[in-house]
Amino acid sequence: MALDENIYQLRREKLKKIEALGQESYPRRYHSTHTIPQILSQYGQKTTEQLESPRVNVRVAGRIMAIRLMGKAGFAHLQQAGQRLQIYVKKDAVGENGLELYKLLDLGDHIGVSGYLFRTRTGELSVHVEEITFLSKDLLPLPEKWHGLTDVELRYRQRYVDLIMNREVREVFLKRSRLVQSFRHFMDSHGFIEVETPMMQPIAGGAVARPFITHHKSLDMKLYLRIAPELYLKRLTVGGLDRVYEINRNFRNEGLGWRWNPEFTMLEFYQAYADYREVMELTQNLLTQAAIDVTGGTRVKFGEHEIDWSQSNWQRLTMRQAILEYWPEAAGTKPQLSDFATHDSVRILVQRFNQARPHMAYDPNEPTGKTIANLFEAVVEEHLVQPTIIYEFPLAVSPLSKKKADEPDWTERWEIFAGQMELSNGFSELNDPEDQRSRFEQQLKERERGDEEAHQMDEDYIRALSYGMPPAGGVGVGVDRVAMLLTDSHTIRDVILFPLLRPERPAEDAAERSLL
RNA sequence: GGGCGCGUAGCUCAAUUGGCAGAGCAACUGACUCUUAAUCAGUAGGUUGAAGGUUCGAUUCCUUCCGCGCUCACCA
């Protein structure tokens with residue numbers, strides 16, 4: 001703390017000395033001829049002789065990540081775009097003034113150098129510097145050069161330092177960017193148009209979750225941060241936007257965990273005249289393409305596993321089949337499909353399962369379909385490492401999807417799982433306003449029963465459906481989770497630049513900062 | 001919210017059974033015109049997360065609190 005402040009003051013004084021040498025302390029621009037990655041790729045393979053005739057003059061800028069001074073000469077490494085280039089500074093070439101400036105530089109400072117390329121005795125491509133231009137001072141010390149920044153909390157809190165020090169982190173976020181690009185390109189090329197719908201909503205609908213509450217002052221109105229864009233996007237299909245998508249944040253007021261951050265990014269899209277099977281195919285293609293675009297192939301390391309995103313590796317099971325398939329031996333003989341038919345038979349399944357592994361919560365008053373969905377999560381989810389589509393979901397947990405024609409307790413809905421996570425959710429959209437009204441009413445009963453997350457009534461949405469919504473398939477894809485799988489990240493915080501954290505200790509730290 | 005674990009210099013980590021709080025890097029001073037974890041000599045840097053307790057003596061043991069991580073529950 002005190003030391004940190006000392007360094008800060010010392011470096012401020014160095015900055016004044018740098019000004020005294022005739023350098024601007026915070027200049028406005030620097031004209032480079034090359035970026036460091038350009039130099040490395042264009043000249044990385046050239047021999048000493050090739051670099052000598054003709055001589056290659058360069059101007060290049062970067063942040064000092066290593067610096068070594070040996071009396072009247074020195075070496076440093078400049079970092080730009082995650083790559084490093086060595087520079088060689090000697091008094092004969094930069095003059096008295098240049099060497100004085102070099103002596104005032106610290107790890108973390110930004111400089112620009114002009115000079116020519118050469119190879120050192122050990123063969124490293126370097127810039128033989130003729131002129132140094134000071135660009136910006138690092139007043140706070142960077143973490144230790146060898147171990148870098150490893151403290152997990154500091155990495156999230158001070159992501160800027162994390163990005164400077166850890167190249168893999170930079171790589172993860174470049175891949176995340178490519179992922180979003182891939183999704184956009186895929187949707188655009190399939191005739192979808194991108195839209196933005198409200199993030200602040202008077203009724204938080206379209207998903208089952210507890211919302212964040214906020215308030216609009218001049219309207220004196222309670223607003224919710226959206227938990228899903230669903231109901232607005234479907235209003236747009238009513239309006240004739242037959243293929244729409246949105247990539248944006250949802251906010252859910254829930255606990256945090258390796259798969260959960262309170263704000264997370266979803267790709268959500270709707271395709272008119274399609275049913276759940278068509279959008280299932282589309283989403284499978286979307287994800288396979290994303291794996292290729294982000295990683296260059298379909299086989300992607302994820303921890304101990306290798307996930308194969310190629311089309312032939314995808315599995316499809318109904319929810320009921322999956323429970324049979326992964327029923328644990330310890331819980332006795334596998335159930336039969338008929339065991340899902342009645343409340344009592346499902347209750348017996350739960351009892352058998354809980355005797356073997358007593359950790360599934362069970363409320364005998366909840367709808368049977370909800371129990372089956374919970375049973376699925378308890379029995380199956382941990383087994384789904386390779387891309388798997390689970391389809392046919394209980395009506396009770398699917399208030400917005402169409403019923404199966406032949407089984408009205410089940411819906412035309414699927415979810416995609418991989419890496420033990422739910423990645424995507426899609427269904428044939430319910431577009432019958434009267435059915436929708438009774439589903440909402442059913443949810444209101446759940447709410448009265450104490451389920452805070454049950455859906456609220458949305459009269460305007462029902463009015464929109466009453467104008468006639470075309471048949472449509474709709475899909476949501478969890479962008480953060482896909483990013484995790486494609487970057488071998490095992491917590492969602494590693495794919496979110498600034499994950500939600502408790503604020504820093506206010507008293508001490510604020511006092512400290514005001515000193516700086 | 002429950003369980004487990006962690007918190008020591010700016011960073012990464014030590015400290016024997018409870019016995020003088022240390023190292024490397026970073027920083028400062030000096031030497032050094034091909035180094036790359038540069039090297040060499042020296043200097044400085046700490047309320048051991050906080051409060052309380054046990055003890056002649058606590059970084060170490062106990063209690064409470066704070067923060068972080070992992071995990072379980074709710075959720076995608």
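Both backbone and side-chain heavy atoms feed into the values below; hydrogens, waters and symmetry mates do not. Proteins come first, then strands; the chains are lettered A, B, ... in the order of their sequence lines, and each starts at number 1.
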Describe the nucleic acid contact of [X] in one word from base, sugar-phosphate, nothing, applying a heavy-atom distance below 4.0 Å.
{"X": "A/Glu415", "value": "nothing"}
{"X": "A/Val89", "value": "nothing"}
{"X": "A/Asn253", "value": "nothing"}
{"X": "A/Arg481", "value": "base"}
{"X": "A/Asn261", "value": "base"}

Using the [atom1] atoms only, state how far [M] lies from [N], rounded to an integer number of Å.
{"N": "B/rA23", "M": "B/rA15", "atom1": "C1'", "value": "11 Å"}
{"N": "B/rC62", "M": "B/rG18", "atom1": "P", "value": "11 Å"}
{"N": "B/rG45", "M": "B/rA26", "atom1": "C1'", "value": "11 Å"}
{"N": "B/rC61", "M": "B/rG7", "atom1": "P", "value": "10 Å"}
{"N": "B/rA9", "M": "B/rA21", "atom1": "P", "value": "16 Å"}
{"N": "B/rU47", "M": "B/rU59", "atom1": "P", "value": "13 Å"}
{"N": "B/rC34", "M": "B/rU39", "atom1": "C1'", "value": "14 Å"}
{"N": "B/rC20", "M": "B/rG57", "atom1": "P", "value": "15 Å"}

- Task: Starting from the 5' end of RNA chain B, give me the residue, A/Phe118 or A/Trp258, whose nearest nucleotide shows up first.
- Result: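 First, find each residue's nearest nucleotide; the 5'-ward one identifies A/Phe118.
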Side-chain atoms of residues 370-379 of chain A: list all donor-acceptor pairs with protein atoms under 3.5 Å, sequence neighbours left out, distances to 0.1 Å.
{"unit_1": "A/Lys370", "atom_1": "NZ", "unit_2": "A/Asp451", "atom_2": "OD2", "d": "3.1"}
{"unit_1": "A/Thr371", "atom_1": "OG1", "unit_2": "A/Glu366", "atom_2": "OE2", "d": "2.8"}
{"unit_1": "A/Thr371", "atom_1": "OG1", "unit_2": "A/Pro367", "atom_2": "O", "d": "3.4"}

Who does [N] pair with, Watson-Crick or G-U, both distances under 3.5 Å?
{"N": "B/rG57", "value": "none"}
{"N": "B/rU35", "value": "none"}
{"N": "B/rC6", "value": "B/rG67"}
{"N": "B/rU48", "value": "none"}
{"N": "B/rU17", "value": "none"}
{"N": "B/rA23", "value": "B/rU12"}
{"N": "B/rG42", "value": "B/rC28"}

Can you tell me the distance, in whole Å, between the [atom1] atom of [X] and the [atom2] atom of [N]?
{"X": "A/Leu256", "N": "B/rC68", "atom1": "CG", "atom2": "P", "value": "11 Å"}
{"X": "A/Tyr8", "N": "B/rG10", "atom1": "OH", "atom2": "C1'", "value": "15 Å"}
{"X": "A/Phe251", "N": "B/rC75", "atom1": "CZ", "atom2": "C1'", "value": "16 Å"}
{"X": "A/Leu140", "N": "B/rG10", "atom1": "CG", "atom2": "P", "value": "13 Å"}
{"X": "A/Gln158", "N": "B/rG10", "atom1": "CD", "atom2": "C1'", "value": "11 Å"}
{"X": "A/Leu142", "N": "B/rC11", "atom1": "CG", "atom2": "P", "value": "12 Å"}
{"X": "A/Asp480", "N": "B/rC75", "atom1": "CG", "atom2": "C1'", "value": "15 Å"}
{"X": "A/Ile67", "N": "B/rC25", "atom1": "CD1", "atom2": "P", "value": "17 Å"}

- Least distance between heavy atoms, A/Asn248 atom then A/Met199 atom: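 Closest pair (atom of A/Asn248, atom of A/Met199, distance): OD1-CE, 3.5 Å.
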For residues 60-76 of chain A, dump all side-chain donor-acceptor pairs below 3.5 Å to protein atoms at least two apart in sequence or in another chain.
{"unit_1": "A/Arg63", "atom_1": "NH1", "unit_2": "A/Gly108", "atom_2": "O", "d": "2.9"}
{"unit_1": "A/Arg63", "atom_1": "NH2", "unit_2": "A/His110", "atom_2": "NE2", "d": "3.3"}
{"unit_1": "A/Arg68", "atom_1": "NH2", "unit_2": "A/Gln86", "atom_2": "OE1", "d": "3.0"}

- Task: Could you list the residues that satisfy salt bridge (charged side-chain N to carboxylate O under 4.0 Å, His left out) with A/Lys17, not counting sequence neighbours?
- Result: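 Checked A/Lys17 against salt bridge (charged side-chain N to carboxylate O under 4.0 Å, His left out); zero matches.
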Among [options], which is the nearest nucleotide to the side chain of [X]?
{"X": "A/Asp106", "options": "B/rC28, B/rC34, B/rC11", "value": "B/rC28"}
{"X": "A/Trp260", "options": "B/rA27, B/rC75, B/rG10", "value": "B/rC75"}
{"X": "A/Glu254", "options": "B/rC28, B/rC74, B/rC34", "value": "B/rC74"}
{"X": "A/Thr491", "options": "B/rC70, B/rC28, B/rC75", "value": "B/rC70"}
{"X": "A/Arg493", "options": "B/rU35, B/rC68, B/rG10", "value": "B/rC68"}
{"X": "A/Tyr88", "options": "B/rU33, B/rG10, B/rC28", "value": "B/rU33"}
{"X": "A/Arg68", "options": "B/rA26, B/rU35, B/rC68", "value": "B/rU35"}

Measuring only between side-chain heavy atoms, which start at C-beta, is [X] closer than 4.5 Å to [Y]?
{"X": "A/His455", "Y": "A/Val208", "value": "no"}
{"X": "A/Ile18", "Y": "A/Lys137", "value": "yes"}
{"X": "A/Thr318", "Y": "A/Ile390", "value": "no"}

- For atom CZ of A/Arg12, decide whether the heavy atoms of other residues, nucleotides or ligands shown that lie under 6.0 angstrom number more than 12. no
- Look at the side chain of A/Glu124 against the base of B/rU35 and say whether a donor-acceptor pair falls under 3.5 Å; ignore hydrogens and angles.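 Not at all, since no donor on one side and acceptor on the other fall under 3.5 Å apart.
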Which protein N or O atoms sit under 3.5 Å from an N or O of nucleotides 30-32 of chain B?
{"unit_1": "B/rC32", "atom_1": "N3", "unit_2": "A/Gly71", "atom_2": "N", "d": "3.2"}
{"unit_1": "B/rC32", "atom_1": "N4", "unit_2": "A/Gly71", "atom_2": "N", "d": "3.3"}

- Taken in chain and number order and not counting sequence neighbours, the residues that satisfy ring-ring contact (aromatic ring centres under 6.0 Å, His included) with A/Tyr232 are none
- Set of ring-ring contact (aromatic ring centres under 6.0 Å, His included) partners for A/Phe302, sequence neighbours left out: A/His490
